[in-house]
Amino acid sequence: MNIELSLSSEKASAELLDTLILHRPANRHAPVSVQFLCRRNMDETVLHDDRMSLPPLSWFDANLLQAFTKQLAASTRLDSCQVELPDAGLRLIGHTRRNTEHKTSGHTIRVESLPTAARQFASFSLNGTQADIRTYARKLYSRLWEVFCRG
């Protein structure tokens, strides 16, 4: 999986290493935590590992996130889709773009906070090929299912 994470507030991008799904039973309203482990190239020689978290998700939001990612991973033509996760105050926007010269398609997932969200943050994007997003969608599904079964 080779997915790039781009912050709108920074020019440098980061490589997405993994996605962690954690169950936080103490937070009954939003028990699911999604964290992105990434590596930023600070300069030519220094690599910096970092962790970014989405606002806590309810099970409803987690289901919407999984369905959205699955829909985008299956998309092969020039397309866009959008979903709002109301409990977390997030909007996910997916774009598919096709490069006819190289016969590849790229997928972008943009994550931004809703204007009414209690927790505002700088938007960011996950960029990858269709195969990368498909792999990410499968990993997200299996990890959400594990947390659901254990929690």
Side-chain angles (χ1 to χ4, degrees), residues 1-41 48-98 104-151:
M1 185 171 72
N2 187 16
I3 294 180
E4 177 185 88
L5 192 141
S6 306
L7 291 169
S8 62
S9 61
E10 297 179 13
K11 294 191 190 284
S13 60
E15 175 189 2
L16 181 65
L17 300 175
D18 204 358
T19 303
L20 300 175
I21 310 293
L22 305 170
H23 183 240
R24 309 260 191 223
N27 187 349
R28 290 184 190 156
H29 177 67
V32 181
S33 172
V34 178
Q35 298 178 357
F36 301 107
L37 300 176
C38 52
R39 176 169 290 154
R40 288 191 289 178
N41 198 351
H48 178 70
D49 289 349
D50 210 353
R51 186 179 292 214
M52 290 179 49
S53 297
L54 291 179
L57 304 177
S58 65
W59 287 115
F60 176 73
D61 283 347
N63 181 49
L64 290 174
L65 171 65
Q66 190 278 323
F68 168 83
T69 311
K70 181 180 176 184
Q71 177 187 0
L72 186 64
S75 178
T76 56
R77 61 184 192 280
L78 192 62
D79 219 353
S80 67
C81 52
Q82 178 175 315
V83 68
E84 291 184 359
L85 310 181
D87 297 334
L90 293 177
R91 177 180 295 125
L92 305 174
I93 303 167
H95 296 285
T96 303
R97 63 196 178 288
R98 188 117 175 103
T104 60
S105 65
H107 289 57
T108 299
I109 301 172
R110 183 169 173 79
V111 180
E112 53 190 41
S113 58
L114 292 172
T116 58
R119 196 169 142 195
Q120 297 290 319
F121 59 89
S123 60
F124 63 93
S125 299
L126 300 168
N127 306 299
T129 66
Q130 183 180 10
D132 292 332
I133 297 296
R134 196 177 301 131
T135 302
Y136 169 74
R138 281 194 304 267
K139 184 181 284 192
L140 182 67
Y141 173 80
S142 65
R143 294 204 174 147
L144 281 169
W145 184 249
E146 284 176 24
V147 167
F148 179 74
C149 289
R150 278 186 280 148

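Worth knowing before you read on, the calculation uses all heavy atoms, side chains too, and leaves out hydrogens, waters and symmetry mates. It should be emphasised that the depicted structure is a prediction, and the values quoted were computed from it without experimental measurement.
- Of all non-hydrogen atoms in P56 and A88, the two that sit nearest each other are O-CB, 3.5 Å.
- At a threshold of 4.5 Å between non-hydrogen side-chain atoms, the residues L65 and T69 count as touching.
- Residues A73 and Q130 come closest through the heavy atom pair O-NE2, 3.3 Å.
- The two atoms that bring H23 and P25 nearest to each other are O-CD, 3.3 Å, heavy atoms only.
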Item to complete: Go through M52 and F124 one step at a time and tell me if the side-chain contact (heavy atoms from CB on, under 4.5 Å) criterion holds.
Response: CA-CA 10 Å; M52 290 179 49; F124 63 93; 3.7 Å; yes
Practice prompt. For R138 and T135, run side-chain contact (heavy atoms from CB on, under 4.5 Å): C-alpha distance rounded to whole Å, both residues' side-chain angles, the deciding distance at 0.1 Å, then the answer.
Written response: CA-CA 5 Å; R138 281 194 304 267; T135 302; 3.6 Å; yes
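- Taking CG from L20 and CG from L37, the interatomic distance works out to 4.5 Å, rounded to the nearest 0.5 Å.
- Side-chain contact between T129 and N2 is absent, with no heavy atoms from C-beta onward closer than 4.5 Å.
- Looking at heavy atoms from C-beta onward, D18 lies in side-chain contact with K139 at the 4.5 angstrom threshold.
- In this structure, CG on L57 lies 11.5 Å from CZ on R24, to the nearest 0.5 angstrom.
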Worksheet item: Can you list the steps and then say if Q71 with V83 is a side-chain contact (heavy atoms from CB on, under 4.5 Å)?
Response: CA-CA 11 Å; Q71 177 187 0; V83 68; over 6 Å; no
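- With contacts defined as side-chain heavy-atom distances shorter than 4.5 Å, the pair H95/S125 does not qualify.
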Worksheet item: So E146 and I21, side-chain contact (heavy atoms from CB on, under 4.5 Å) or not? Walk me through it.
Response: CA-CA 9 Å; E146 284 176 24; I21 310 293; over 6 Å; no
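- Side-chain atoms of Q120 come within 3.5 Å of backbone atoms of L114 as a donor-acceptor pair (strictly under, hydrogens ignored).
- Atom CH2 in W59 sits 13.0 Å away from atom CG in D87 (nearest 0.5 Å).
- Counting only heavy atoms from C-beta outward, the side chains of L126 and Y136 approach each other to under 4.5 Å.
- With rounding to the nearest 0.5 Å, the separation of CD in E84 from CD1 in I93 is 9.0 Å.
- The closest side-chain heavy-atom distance from F60 to V32 is not below 4.5 Å.
- Rounded to the nearest 0.5 angstrom, S58 OG and L85 CG are separated by 8.0 Å.
- Using a 4.5 Å cut-off on side-chain heavy atoms (C-beta onward), I3 and L5 make no contact.
- With rounding to the nearest 0.5 Å, the separation of CD in Q66 from CG in D61 is 13.5 Å.
- A salt bridge links R91 to E112: one of the charged nitrogens lies within less than 4.0 Å of a carboxylate oxygen.
- Side-chain contact between F121 and L90 is present, with at least one heavy-atom pair separated by less than 4.5 Å.
- Without hydrogens or angle criteria, H107 side chain to S75 main chain gives a donor-acceptor distance under 3.5 Å.
- A donor-acceptor contact shorter than 3.5 Å is absent between the side chain of D50 and the backbone of C38.
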